[in-house]
Amino acid sequence: PGEFYLSPKEGSVKDYLAAISEFPLNPHPNVFGLHENADITCAQNETIELCEIMLGLQPKVSTGGGKSREEIIGEVATELQMRQLKPFAIDDICSRYPLSYSECMNTVLSQECIRYNKLIRKYNSS
């Protein structure tokens with residue numbers, strides 16, 4: 001990945017800006033001296049942060065009228081159970097996103113789909 005980050009040849013400001021615009025938008029972790037798995041950790045941390053933000057946006061206090069938090073959760077759970085959620089087809093996912101050393105996010109995707117499928121099977125059976 002370091003071949004993208006060579007010093008540009010001497011030139012004008014326009015030449016430097018053109019060289020900089022060729023840099024990848026998402027640099028490889030090796031550029032910063034990190035292991036390739038740093039991408040996985042970064043993606044997991046971003047996901048956790050996003051979930052915390054979404055949970056933080058939910059109302060925490062009922063203002064009186066309307067349904068209680070427990071009633072709303074019960075209704076949502078009943079609606080989800082009526083849907084009979086379907087597990088992902090792992091074989092299809094692995095064929096579309098093959099597991100390879102150079103594509104670590106594909107491995108994460110397949111692992112998360114397997115976890116999701118276990119959750120859905122448990123949910124549908126309860």
Side-chain angles (χ1 to χ4, degrees):
E3 66 269 9
F4 294 114
Y5 299 97
L6 300 175
S7 295
K9 295 179 181 174
E10 187 176 340
S12 67
V13 171
K14 185 177 178 182
D15 295 331
Y16 291 124
L17 291 175
I20 291 170
S21 70
E22 296 295 320
F23 288 167
L25 288 177
N26 297 315
H28 194 276
N30 286 350
V31 172
F32 304 107
L34 301 172
H35 189 269
E36 291 188 10
N37 287 345
D39 273 343
I40 296 171
T41 303
C42 180
Q44 288 174 335
N45 289 341
E46 287 175 350
T47 302
I48 290 168
E49 182 181 3
L50 178 63
C51 289
E52 287 174 352
I53 290 170
M54 290 188 309
L55 289 173
L57 293 175
Q58 291 182 339
K60 292 178 179 61
V61 179
S62 177
T63 58
K67 300 176 185 172
S68 70
R69 182 174 186 263
E70 288 74 20
E71 290 172 326
I72 294 170
I73 291 172
E75 286 178 6
V76 170
T78 303
E79 289 173 17
L80 286 173
Q81 195 168 24
M82 289 172 41
R83 285 191 207 168
Q84 283 296 306
L85 301 172
K86 293 178 178 61
F88 291 122
I90 298 296
D91 293 336
D92 292 343
I93 290 171
C94 288
S95 65
R96 287 180 74 183
Y97 304 98
L99 304 178
S100 70
Y101 184 76
S102 61
E103 292 292 336
C104 61
M105 292 306 289
N106 291 357
T107 304
V108 173
L109 174 66
S110 65
Q111 291 172 343
E112 291 304 318
C113 288
I114 290 168
R115 288 186 187 108
Y116 176 81
N117 284 353
K118 286 180 185 176
L119 175 67
I120 291 304
R121 285 189 190 99
K122 184 73 172 175
Y123 186 84
N124 286 338
S125 69
S126 62

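Numbering of residues begins at 1 and proceeds along the displayed sequence. From a predicted model like this one, the values you see are computed outputs, not experimental measurements.
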Looking at T107 and S110, what are the two nearest heavy atoms and their distance? O-OG, 2.9 Å

Hey, quick one: are I93 and L99 part of the same hydrophobic cluster, counting side-chain heavy atoms closer than 4.5 Å, chains of contacts allowed? no

Would you list the pairs meeting salt bridge (charged side-chain N to carboxylate O under 4.0 Å, His left out) in which at least one residue belongs to residues 115-126, sequence neighbours left out? E112-R115

What one should report as the nearest heavy-atom pair of F32 and P27 is CE1-CG, 3.6 Å

Short question: side chain of D15, backbone of S12 - any donor-acceptor pair under 3.5 Å? yes

Taking all heavy atoms of C113 and all of F88, pick out the closest pair and write down the distance. SG-CD1, 3.9 Å

From CG (L50) to CG (L55), nearest 0.5 Å: 9.5 Å

So does Q84 get a backbone contact from the side chain of N124, meaning a donor-acceptor N/O pair under 3.5 Å? no

Is there a side-chain contact (heavy atoms from CB on, under 4.5 Å) between E10 and Y16 once you walk through the steps? CA-CA 8 Å; E10 187 176 340; Y16 291 124; 4.2 Å; yes

Looking at CD1 of I114 and CD1 of I90, how far apart are the two atoms once the value is rounded to the nearest 0.5 Å? 5.0 Å

Is it the case that the side chain of D39 and the backbone of P29 share a donor-acceptor pair, with hydrogens and angles ignored and the cut-off at 3.5 Å? no

Looking at CD of E22 and CD1 of I20, how far apart are the two atoms once the value is rounded to the nearest 0.5 Å? 11.0 Å

How about Y101 and E36: do any of their side-chain heavy atoms sit closer than 4.5 Å? yes

Straight-line distance of H35 NE2 to I40 CD1, nearest 0.5 Å: 9.0 Å

How long is the span from the OG1 atom in T41 to the CG atom in L34, to the nearest 0.5 Å? 9.5 Å

Check residues 73-80 and write down every donor-acceptor pair under 3.5 Å in which the side-chain atom is one partner and the other belongs to a residue at least two apart or another chain.
unit_1 : atom_1 : unit_2 : atom_2 : d
E75    : OE1    : K67    : NZ     : 3.0
E75    : OE2    : K67    : NZ     : 2.9
T78    : OG1    : G74    : O      : 2.8

K86 versus I120: any side-chain heavy-atom pair under 4.5 Å? no

Can you tell me if CZ on F23 sees more than 12 non-hydrogen neighbours from other groups inside 6.0 Å? yes

